[in-house]
Protein chains: 2
Amino acid sequence: MKQKKENLDAIYDRLRLSIRKNGLKNSKQREFILKVLYENGGHLSPEDILMLAKDSYRGASISSIYRILGFLEKEGFVHSIEIDKSGKKYEIAGGTHHDHIICVDCGKIIEFYSKEMEELQEKIAKGHGAKIISHDMRIFAVCKECAKAQNL
Amino acid sequence: MKQKKENLDAIYDRLRLSIRKNGLKNSKQREFILKVLYENGGHLSPEDILMLAKDSYRGASISSIYRILGFLEKEGFVHSIEIDKSGKKYEIAGGTHHDHIICVDCGKIIEFYSKEMEELQEKIAKGHGAKIISHDMRIFAVCKECAKAQNL
DNA sequence: GTATTTGCAAAGACTTTGCATTTGA
DNA sequence: TCAAATGCAAAGTCTTTGCAAATAC
């Protein structure tokens with residue numbers, strides 16, 4: 001499904017580096033969340049992660065998940081997108097940036113990357129004298145399968 | 001600042017039409033919110049609108065504002081964007097679709113329209129067999145003024 | 001008159017925070 | 001050892017909902 005460019009151990013190494021850099025301490029929970037996102041490869045809500053965590057160890061807490069996801073996002077290990085009003089979903093930060101097509105029928109998320117789009121954005125921002133920090137592009141659409149199902 | 005393509009009365013007419021079409025009844029509050037967004041021309045939060053409403057009549061309620069904004073958005077009179085995690089902001093739906101550059105420093109919102117961008121999105125969606133319903137593109141950047149201020 | 005809208009208060013959903021306890025360097 | 005991370009519960013936001021009173025057609 002999704003290419004895994006970097007293996008989990010390598011990510012853990014980067015994580016430990018990042019933790020040390022910030023003068024923090026490692027924890028099972030941080031590694032667990034990173035692992036879950038890595039292995040799932042998709043987009044999980046904090047609640048989804050909690051459920052998976054509860055299977056693995058008792059006492060997993062939603063607040064820690066929020067805190068950890070906040071840290072992981074700040075450090076660039078994960079990205080979040082807002083699929084709908086039910087809250088954010090997180091995915092592991094793979095090597096390549098990408099944007100999302102979200103099916104308004106089935107909720108499926110299709111990832112895409114367009115060099116043209118990135119360049120165009122750069123051009124637009126420059127035209128307004130602004131310096132891009134990041135962007136967020138969501139295309140809401142009816143996916144191939146749902147379109148087919150509707151045309152029966 | 002912002003061009004007003006359609007005058008307020010014309011918008012009211014469309015509103016009444018829309019209300020009748022849905023078998024509903026007109027109300028001062030609906031017209032008020034539309035007017036506020038029209039005259040402000042910018043991006044207002046429900047709370048912003050509430051404050052303005054409180055100046056105009058006692059007993060303005062936040063729940064009505066949410067309800068009305070929901071209706072107005074469904075009917076295409078207003079659009080919403082999520083600037084940050086503090087919630088949605090609403091603007092009057094002008095004639096032309098546009099996207100937003102959001103300054104991460106001062107919060108300023110710059111509107112832009114790019115035909116190329118629209119076409120590119122269409123192409124990307126088509127490439128995935130998806131039919132675009134809408135899109136939402138936000139570029140987070142440091143605006144010209146903030147960049148200048150920082151380079152002192 | 002009667003169905004829709006409103007205002008108010010209460011409830012919901014998602015997220016954050018305070019604090020005692022546990023854990024890692 | 002001792003600061004950082006966790007779990008739990010409580011509190012915070014933004015938003016929605018239930019319901020009686022007001023309003024429009």
Side-chain angles (χ1 to χ4, degrees), chain A residues 12-13 15-36 43-75 77-78 80-90, chain B residues 12-13 15-36 43-75 77-78 80-90:
Chain A
Y12 282 165
D13 285 346
L15 176 63
R16 290 194 197 97
L17 222 60
S18 171
I19 286 171
R20 207 171 312 155
K21 191 193 69 191
N22 287 276
L24 304 178
K25 291 170 183 174
N26 202 0
S27 82
K28 294 279 192 309
Q29 288 84 338
R30 260 198 291 244
E31 294 189 348
F32 176 82
I33 289 179
L34 211 40
K35 175 164 166 258
V36 162
H43 302 78
L44 298 177
S45 69
E47 202 63 35
D48 293 335
I49 296 171
L50 179 65
M51 293 314 165
L52 293 167
K54 277 201 195 295
D55 292 345
S56 298
Y57 61 97
R58 320 179 11 76
S61 86
I62 191 72
S63 54
S64 295
I65 290 171
Y66 275 102
R67 272 186 293 233
I68 291 171
L69 287 171
F71 171 79
L72 293 178
E73 182 161 34
K74 178 174 75 65
E75 294 291 311
F77 289 96
V78 305
S80 67
I81 50 166
E82 190 122 7
I83 297 300
D84 50 41
K85 44 182 43 228
S86 80
K88 281 186 184 167
K89 283 191 168 33
Y90 290 81
Chain B
Y12 283 165
D13 284 346
L15 176 62
R16 289 191 199 99
L17 223 59
S18 171
I19 286 171
R20 207 172 313 156
K21 190 193 71 191
N22 286 276
L24 305 177
K25 291 169 181 173
N26 202 359
S27 83
K28 295 277 193 311
Q29 288 84 341
R30 260 197 290 242
E31 294 188 349
F32 176 83
I33 290 179
L34 212 39
K35 176 163 164 259
V36 162
H43 301 78
L44 298 176
S45 69
E47 203 63 35
D48 294 335
I49 297 171
L50 179 65
M51 293 313 167
L52 294 167
K54 278 201 195 296
D55 292 345
S56 297
Y57 60 98
R58 319 177 14 74
S61 85
I62 192 72
S63 53
S64 295
I65 290 171
Y66 275 102
R67 273 186 294 232
I68 291 171
L69 287 171
F71 171 80
L72 293 177
E73 182 161 34
K74 176 173 77 65
E75 295 292 309
F77 289 95
V78 305
S80 67
I81 50 166
E82 190 123 5
I83 297 300
D84 51 40
K85 44 182 43 229
S86 80
K88 282 185 183 168
K89 284 190 167 34
Y90 290 81

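Note that the structure is predicted; figures quoted are calculated from it, not measured. Chain identifiers are assigned alphabetically (A, B, ...) following the order of the sequence lines, protein sequences preceding nucleic acid strands; residue numbering begins at 1 within each chain.
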Tell me which residues in residues 48-64 of chain B put a heavy atom below 4.0 Å from DNA chain C, sorted by number, or none.
Tyr57(B), Gly59(B), Ala60(B), Ser61(B), Ser63(B), Ser64(B)

Which parts of residues 83-90 of chain A get close to DNA chain C, meaning a heavy atom less than 4.0 angstrom away?
Ser86(A), Gly87(A), Lys88(A)

Is there side-chain contact between [X] and [Y], with heavy atoms separated by less than 4.5 Å?
| X | Y | answer |
| --- | --- | --- |
| Phe77(B) | Ser18(B) | yes |
| Lys88(B) | Lys85(A) | yes |
| Ile68(B) | Gln29(B) | yes |
| Asp48(B) | Val36(B) | no |
| Leu17(B) | Glu75(B) | no |

Quick one: does any side-chain atom of Asp84(B) pair with a main-chain N or O of Ser86(B) as donor and acceptor, under 3.5 Å?
yes

Earliest and latest nucleotide of DNA chain C, 5' to 3', sitting under 4.0 Å from a non-hydrogen atom of chain A?
dC14(C) to dA25(C)

Please report the distance, rounded to the nearest Å, between [atom1] in [X] and [atom2] in [N].
| X | N | atom1 | atom2 | answer |
| --- | --- | --- | --- | --- |
| Glu75(A) | dA5(D) | CD | P | 11 Å |
| Glu82(B) | dC14(D) | CD | P | 11 Å |
| Ile65(B) | dT15(D) | CD1 | C1' | 13 Å |
| Phe32(B) | dT23(D) | CZ | C1' | 18 Å |

Applying side-chain contact (heavy atoms from CB on, under 4.5 Å) to Ile19(B) and Phe71(B), what does each step give before you reach the verdict?
CA-CA 10 Å; Ile19(B) 286 171; Phe71(B) 171 80; 4.2 Å; yes

The helix from dG1(C)-dC25(D) to dA25(C)-dT1(D): angle between its terminal axes, five pairs each, to 10°?
30°

Enumerate the residue pairs fulfilling salt bridge (Lys or Arg N to Asp or Glu O under 4.0 Å) with a member in residues 25-36 of chain A, sequence neighbours excluded, ordered by first and then second residue.
Arg16(A)-Glu31(A)

Minimal non-hydrogen separation, Ser56(B) against Phe32(B), with atom names:
OG-CE1, 3.3 Å

Search all heavy atoms of Lys89(A) against all heavy atoms of Ser45(A) and return the closest pair with its distance.
CG-N, 4.1 Å

For nucleotides 1-4 of chain D, print each protein N/O atom paired with a nucleotide N/O atom at under 3.5 Å, atom names and distance only.
{"from": "dA3(D)", "atom 1": "N3", "to": "Lys25(A)", "atom 2": "NZ", "distance (Å)": "2.5"}

In this structure, CD1 of Ile49(A) is separated from CG of Leu44(A) (nearest 0.5 Å) by 5.5 Å

CD (Glu47(A)) and CD1 (Ile62(A)) are apart, to the nearest 0.5 Å, by 4.5 Å

Contact under 4.0 Å: Tyr66(B) side-chain N or O vs dT16(D) OP1/OP2:
no

Is there a side-chain contact between Gln29(A) and the phosphate of dG7(D), meaning an N or O under 4.0 Å from OP1 or OP2?
yes

Should Leu69(B) and Lys74(B) be marked as a side-chain contact (heavy atoms from CB on, under 4.5 Å) after you check the CA-CA gap, both sets of side-chain angles, and the distance that decides it?
CA-CA 8 Å; Leu69(B) 287 171; Lys74(B) 176 173 77 65; over 6 Å; no

Nearest heavy atom decides the nucleotide; on that basis, is Ile19(A) or Glu47(B) closer to the 5' end of DNA chain D?
Ile19(A)

Between the side chains of Ser80(B) and Glu73(B), is a donor N or O closer than 3.5 angstrom to an acceptor N or O?
yes

Going through the checks in order, is the side-chain contact (heavy atoms from CB on, under 4.5 Å) test met by Leu72(B) and Leu15(B)?
CA-CA 9 Å; Leu72(B) 293 177; Leu15(B) 176 62; 3.9 Å; yes

